[in-house]
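We count ligands from 1, going down the list as the structure has it; atoms in each ligand are counted the same way. Source: prediction; values computed, not measured.
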Amino acid sequence: MVNRPLVISGPSGTGKSTLLKRLLAEYPDKFGFSVSNTTRKPREGEVDGVDYHFTTVDDFKKLIEEKKFIEWAQFSGNYYGTSIKSVNDVAEKNRICILDIDMQGVKSVKDSDLNARYLFLSPPSIETLRQRLEGRGTETPESLEKRIGAAAAEMEYAQTGAHDKIVVNDDLEKAYKEFKEFILDEN
Ligand SMILES: Nc1ncnc2c1ncn2[C@@H]1O[C@H](COP(=O)(O)OP(=O)(O)OP(=O)(O)O)[C@@H](O)[C@H]1O
C-alpha cells in the first residue's frame, strides 16, 4: 500500500514542530494534513472542506456513534474531530498524511484500520525537556508541570515498543537526519 499515514508523537516541547517545519520546507509537495470536522460555525473566509468539514451537531454525534473518528473532543461548546476519511483523503491526493498527536491519539489510530507508521520523538531527558519548555517561554509554572507529567507517561508508553521508530532529539542535525530517513523510507 502506498502513502501510509505517518503518526508523529512525543512529549510537548520535544521538538516536533521544529522538525516538521523543516521537513515541510524541504519537501513542500510530499506531505499533507487531514481536514478536521467541527460543529462550530465557519468564520469569514473559511471554506468547507478546506479549513474544516463543517458539520451539524446531529451529524457529528452520528459519526461518533459510527466510530468514524480517530479522535474527537469538545472545546468551548463545540465538537472537533479527525475522521478516518479525512486521513485517507490525503493519501488519495498522493501525499503522505502527517498526524501530530498525543498518546491517546496514537492508541486510537492503533485501534482503527489505518495502516499507519509510528514515530516517537523523545527528548534526551526530562530535565532537557524542562529546559526547552522554559526556553520557549510559552508556559506558566502550572502548564509546565502538567506537560512534564504528561511527558513521563508518554515516555513510559514509548518503552512498550508501540512505535516503529524512536528518534532522540539531542543534536538537532542528527535528529533531523534520522527523522527524515525514517519518514522518507517508503512506506
Ligand atoms: N535539538 C534541539 N536542541 C535544542 N533545542 C531544541 C531542539 N529541538 C527543538 N528545540 C527547542 O525546543 C523548544 C520546543 O520545540 P517545539 O516547539 O518544536 O516542540 P513541540 O514538540 O512541537 O511542542 P508542542 O507539542 O508543545 O507544540 C523550541 O524552543 C525549540 O526551538
salt_bridge(Lys180, Glu26) N-O dist < 4.0 Å:
yes
By salt bridge (charged side-chain N to carboxylate O under 4.0 Å, His left out), Glu71 pairs with (sequence neighbours left out) none
Have Thr38 and Arg40 got a donor and an acceptor in their side chains that come within less than 3.5 Å?
no
If you group Ile, Leu, Val, Met, Phe, Trp and Tyr by side-chain heavy-atom gaps below 4.5 Å, do Tyr27 and Leu172 land in one group?
yes
Please verify the inter-ring angle class for Tyr80 with Phe75; under 30° counts as parallel, over 60° as perpendicular, anything in between as tilted.
tilted
Could you verify whether a donor N or O on one side chain and an acceptor N or O on the other, from Asn37 and Thr55, lie under 3.5 Å apart?
yes
Proximal protein residues to ligand 1, non-hydrogen atoms under 4.0 angstrom
Pro11, Ser12, Gly13, Thr14, Gly15, Lys16, Ser17, Thr18, Arg132, Arg136, Arg147, Asn169, Asp170, Leu172
